[in-house]
2 protein chains.
Amino acid sequence: MKILKVNELVSIKRSIEAGTSEQLAVVKGIITEIRKRGDEALREYTEKFDRVQLPSFSVTESEIEASYAEVDQEYIEIVREAAENIKSFHEKQLRPSWMTTEENGTILGQKITALDSVGVYVPGGTAAYPSSVLMNVIPAKVAGVKRIVMVSPPDESGKLPAAVLVAAKEAGVKEIFKVGGAQAVAALAYGTESIAPVDKITGPGNIFVALAKREVFGDVDIDMIAGPSEIAVLADDSARPDEVAADLLSQAEHDPRACSVLVTPSLALAEAVSSEVEKQLAVLPRRDIASRAIADYGAIYVTADLDEAVETVNQLAPEHLEVITENAMELLGKIRHAGAIFIGRYSSEPVGDYFAGPNHVLPTNGTARFSSPLNVDDFQKKSSVIIYSEKALKENGAKIAAFARMEGLEAHARAVETRLKNK
Amino acid sequence: MKILKVNELVSIKRSIEAGTSEQLAVVKGIITEIRKRGDEALREYTEKFDRVQLPSFSVTESEIEASYAEVDQEYIEIVREAAENIKSFHEKQLRPSWMTTEENGTILGQKITALDSVGVYVPGGTAAYPSSVLMNVIPAKVAGVKRIVMVSPPDESGKLPAAVLVAAKEAGVKEIFKVGGAQAVAALAYGTESIAPVDKITGPGNIFVALAKREVFGDVDIDMIAGPSEIAVLADDSARPDEVAADLLSQAEHDPRACSVLVTPSLALAEAVSSEVEKQLAVLPRRDIASRAIADYGAIYVTADLDEAVETVNQLAPEHLEVITENAMELLGKIRHAGAIFIGRYSSEPVGDYFAGPNHVLPTNGTARFSSPLNVDDFQKKSSVIIYSEKALKENGAKIAAFARMEGLEAHARAVETRLKNK
C-alpha cells in the first residue's frame with residue numbers, strides 16, 4: 001500500500017455514478033409506463049429484464065416456508081440472533097412525542113408518527129445480502145411502520161434466494177414482490193394493481209435503481225444514494241498489523257472503488273501493515289476486486305502525532321472508522337465525523353456489518369459530515385403541535401400582528417386580530 | 001370558494017417548479033465559475049445580478065449597529081421575544097449521545113454531534129422576511145453548530161434590510177455576506193477567498209437558488225426544496241366563519257399557488273366561510289394574489305362526518321392544519337400527516353409563523369407524509385459507536401464469520417478470525 005504524509009492527503013470523495021443520459025432516458029421511460037399501465041408494464045419489464053414470466057408477483061406463504069428448508073438451521077439461528085440485536089439497538093432510538101405546558105394555558109409539542117408504509121429494495125444478482133434485509137426492515141418495524149413491502153428481482157426460474165426470504169420473514173416483512181429494477185421502484189412509488197404505493201423507498205441497487213430513486217424522490221421519500229464502501233483505521237503501535245490489514249481488506253473486497261485508509265503516527269506500523277496487506281491479499285478469494293481497490297483508493301497516512309491523526313480522520317469523514325490505539329476511549333470526544341466508530345481491537349468492522357446491532361447502512365463519500373446511519377428517525381416524522389390559549393393570544397396577539405405587518409402580510413395580522421376583536 | 005364533496009377530493013400536490021433547461025444551464029455555469037475563480041466571479045455576478053460593486057462582501061459590525069437605529073424599538077423587542085420562544089422550543093428537541101452496556105463488556109451507542117458549519121440563505125427583493133432568519137438560524141445554534149453563515153443579496157446601494165440584520169444579530173449570526181442567487185449557494189458549498197465552505201445550506205430562495213441547491217446537494221447537505229404554502233382547516237359548527245376565512249386567506253396571500261382548504265362535516269359552516277372569504281378578500285391589500293390562490297387552489301370539502309374529515313386531512317397531509325372543533329384534542333391522535341397542527345380557535349396559523357416557538361419551515365406538497373418541520377436534528381448527525389469486548393468477540397465471532405461467508409465475503413470472515421486466532 002502507498003505510504004504517504006498527511007500533506008499528501010486526498011479526499012476520499014469519489015464521483016457518485018450519475019448514469020448516462022441513455023440510462024436516465026430508459027429509467028424515465030420505465031417510470032412513465034408503470035404509471036400508465038401498472039401491472040401490465042411491470043409484467044413486460046420483468047419478462048424483458050429478469051427473463052421470467054410470472055403468474056403473480058407476490059411471494060406466497062408456502063414459498064417462504066419452503067425457503068426455510070433450503071437453508072441451514074445454523075443460518076436461521078444466526079439471523080434470529082442478529083435480528084434481535086438490531087431490534088434491541090434500534091429500540092433505544094425511539095423517542096416519545098412530547099409537550100410543554102405554560103401557565104397561561106399554552107401547550108406546545110412535537111407529535112412523532114411512524115410513516116404509513118415503506119418499500120425496501122433488495123438487489124438480486126449473484127450475491128444475496130440478507131444482512132441488508134435486516135438492516136433496512138428492522139428500523140422501520142421498530143419505528144412503527146405498519147406496512148413494509150420488500151421487492152427483489154427474481155432469478156430465471158422466478159424465485160428469490162432462500163436466505164433472503166428467511167431474513168425477510170424473520171425481520172417481519174409480510175408483503176414481498178418478485179420485481180426489481182427501475183420498474184420496481186416506480187411500482188413502489190406510484191402503485192400498480194398488485195402493489196399499493198408506499199411513502200418511502202430504501203435499500204441499495206444498481207444504477208437503474210439509483211436513477212429511479214432519484215426520479216421518484218419528492219413524490220416519495222428515499223434513503224441516501226450510497227457510494228462505494230470506506231474504512232479508515234486510526235491506529236498506533238499498540239495495534240497488530242495483521243488485524244489492521246485484515247480490516248482494510250474487508251472493505252476492499254466489496255468493490256474496486258472501495259476506499260481503505262490507515263492513519264497512524266507510527267511509521268513502523270505503516271510499513272508492517274503495508275506488507276501484511278500484500279501478504280493477505282495474495283490468498284484472498286476476491287483478490288481481483290480488493291487489489292484494485294487498494295491500488296486505486298488505498299493509502300496509509302503517517303502523521304506527526306495522534307492529534308494530527310484524529311484531525312485527518314475528521315477531514316476524511318469516513319463511513320467506518322476503527323480506533324485501535326492505547327487511549328482509544330479518550331479519542332472518542334475528538335472524533336466529529338464518521339458513520340460508525342469501532343473502538344478497540346475486538347471491534348472489527350464486520351462485527352457491525354452483521355451482528356452487533358447498529359445499522360450497517362452508513363453515510364459514504366464524506367457525507368458523515370452531515371449524515372447519519374440509517375435509524376429509527378428515518379421512518380418517523382414529527383408534527384409540531386401548537387395549542388395557544390385565549391390568554392396567550394391576548395398577551396401576544398398585538399405583537400404577532402405587528403411582526404406580520406412588518407413583513408407586509410396583512411391577512412396574517414388580520415387572522416390574529418379577528419380573534420382579539422371577536423371576544 | 002368552491003364547495004365540493006369528498007369524492008371530488010383533489011391532491012394538494014402542485015408540480016414543483018423545476019426550472020427550464022436554460023435556467024439550469026445558467027446555474028451550472030455560475031457554479032463552475034465560482035469554483036474556478038472564487039471571489040472574482042462572485043464579484044462579477046453580484047455586479048451583473050444585483051447591480052452593485054462591493055468593496056467587500058462582508059457585513060461589518062458598524063453596519064449591524066446602524067441597522068438597530070433604523071428599526072423601531074418595538075420591533076427589536078418583538079424579535080427578541082420571538083427568538084427566545086423559538087430557542088426555548090428547539091432546546092427541548094436536544095438529545096444526548098447515549099450508550100448501552102452489556103455484561104460481557106460490550107458498549108454500543110450513538111454519538112450525537114453538531115454539524116461544523118451551516119449557511120443560511122435569506123432572499124432579497126421587495127419583502128424582507130426576518131422571521132425566516134430566526135427560524136433557520138436558531139435551530140442550528142441550539143444544535144451546537146459553531147459556524148453559521150448568512151448570505152443575502154444586497155440592494156443597489158449595497159445594503160441588506162435593517163430588519164434582517166437585526167434579526168440575524170439577535171439570532172446569533174456572526175458572519176454575514178452580501179451575496180445572493182446561485183453564486184451565493186456555490187460560494188457556500190465550495191468556498192471562495194472571502195467565504196469558507198459550509199456543510200449544509202438551508203433557507204428559501206427563487207428558482208435559481210433552488211436549482212443551485214439541488215446541484216450542490218451531495219457535496220453539502222441541503223434542507224428541503226419548499227413548494228407554495230398550504231393550510232387545511234378542519235372545523236365543525238363550533239368554529240366561527242370569520243376566523244376560519246381569515247386563516248384561509250392568511251395562506252392565500254403568500255402566493256398565487258398557495259393552497260387553502262376547509263374540510264368540514266357542516267354544510268352551514270361551508271357556506272358561511274365561503275361568503276366570508278369573498279367579503280374579506282375584497283378588502284385585502286394583497287387581494288390580487290390571494291384571490292388567484294383561492295380560485296385556483298382553494299376548496300371547501302364537505303364530509304359525511306368528522307371521521308371522514310380527519311381521514312381527508314390525512315390524505316392531504318397539509319403543511320399547516322388547524323383543528324377548530326368541539327373535541328379538537330380528541331382528534332389529535334387520529335391526525336397522522338401534517339407539518340404543524342394548530343388546535344383550537346386561538347391557535348391561528350400566524351401564531352406559529354412568528355412567535356409561539358415551533359418552526360415555520362414545514363413540509364409542503366403532501367410531503368408531511370414523510371417529512372418534518374425544520375428542527376434541531378437537521379443540524380446534528382449521529383455516529384454509531386461499537387465497543388466490542390474480547391469476551392463478546394469470542395462468543396459471537398464464529399457466527400459473524402459464518403454470516404459473512406454466507407454472503408461470499410471471505411475477507412470479512414478473516415478479519416474476525418484473525419482476532420480469534422491471535423489470542
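Proteins get letters first, then strands, A, B, ... in listed order; numbering begins at 1 in each. FYI, side chains are in, hydrogens and waters are out, and symmetry mates aren't considered; it's all heavy atoms of this structure.
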With a 4.5 Å cut-off on heavy-atom pairs, point out which of [options] contacts chain A the most.
| options | value |
| --- | --- |
| B:A404, B:A246, B:A340 | B:A404 |
| B:L362, B:V71, B:L115 | B:L115 |
| B:P363, B:S97, B:G109 | B:G109 |
| B:P350, B:G366, B:G408, B:A392 | B:P350 |
| B:V283, B:D378, B:N314 | B:V283 |
| B:E417, B:Q380, B:E410 | B:E410 |

If the condition is side-chain hydrogen bond (donor to acceptor under 3.5 Å, both in side chains), which residues does B:E253 pass it with, not counting sequence neighbours?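 For B:E253 the side-chain hydrogen bond (donor to acceptor under 3.5 Å, both in side chains) partners, ignoring immediate neighbours, are A:H412.
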Test side-chain hydrogen bond (donor to acceptor under 3.5 Å, both in side chains) applied to A:K92 - qualifying residues, sequence neighbours left out: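 Residues passing side-chain hydrogen bond (donor to acceptor under 3.5 Å, both in side chains) with A:K92: A:S88.
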Heavy-atom cut-off 4.5 Å, strictly under: side chain, backbone, both or neither for [X] against chain A?
| X | result |
| --- | --- |
| B:S131 | both |
| B:T113 | side chain |
| B:S389 | backbone |
| B:R287 | neither |
| B:I387 | both |
| B:A368 | backbone |
| B:P130 | both |
| B:A163 | side chain |
| B:F342 | both |

Between [options], the one whose heavy-atom pairs under 4.5 Å with chain B are most numerous:
| options | answer |
| --- | --- |
| A:E74, A:R95, A:M406 | A:R95 |
| A:M224, A:K111, A:E77, A:K200 | A:K111 |
| A:P285, A:G397, A:G344 | A:P285 |
| A:N375, A:V323, A:T367, A:V416 | A:N375 |
| A:L249, A:I107, A:D247, A:N359 | A:D247 |
| A:A401, A:S371, A:A245 | A:S371 |

Derivation and outcome, salt bridge (Lys or Arg N to Asp or Glu O under 4.0 Å), residues A:R419 and B:D242: CA-CA 9 Å; A:R419 268 78 172 182; B:D242 57 344; over 6 Å; no
Quick one: does [X]'s side chain get under 4.5 Å of [Y]'s, heavy atoms only?
| X | Y | value |
| --- | --- | --- |
| A:D353 | B:F403 | no |
| A:I341 | B:I386 | no |
| A:Q280 | B:R414 | no |
| A:L409 | B:R286 | yes |

For the side chain of [X] and the backbone of [Y], is there at least one donor-acceptor N/O pair under 3.5 Å apart?
| X | Y | result |
| --- | --- | --- |
| B:E243 | A:A415 | no |
| A:Q110 | B:Q93 | no |
| A:S383 | B:A338 | yes |
| B:S347 | A:Y388 | yes |
| A:R369 | B:D219 | yes |
| B:R240 | A:T418 | no |

Any salt bridge linking [X] with [Y]? Criterion: basic side-chain nitrogen under 4.0 Å from a carboxylate oxygen.
| X | Y | result |
| --- | --- | --- |
| B:E81 | A:K399 | yes |
| A:D116 | B:R336 | yes |
| A:K382 | B:D377 | yes |

Considering only heavy atoms, which portion of [X] lies under 4.5 Å from any heavy atom of chain B: side chain, backbone, both, or neither?
| X | result |
| --- | --- |
| A:I343 | both |
| A:L332 | both |
| A:T100 | side chain |
| A:V145 | neither |

Decide side-chain contact (heavy atoms from CB on, under 4.5 Å) for B:E407 and A:Y129; before the verdict, give the C-alpha distance in whole Å, the side-chain angles of both, and the deciding distance to 0.1 Å. CA-CA 6 Å; B:E407 293 193 347; A:Y129 292 114; 3.2 Å; yes
Point-to-point distance, once rounded to the nearest 0.5 Å, from CG of A:N396 to OH of B:Y354: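 Spacing of CG (A:N396) from OH (B:Y354) equals 15.0 Å.
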Euclidean distance, B:L393 CG relative to A:F355 CZ, rounded to 0.5 Å: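 Reported value, rounded in 0.5 Å steps: 10.5 Å.
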Check step by step if side-chain contact (heavy atoms from CB on, under 4.5 Å) holds for A:F370 and B:K381. CA-CA 6 Å; A:F370 49 74; B:K381 74 286 192 327; 5.8 Å; no
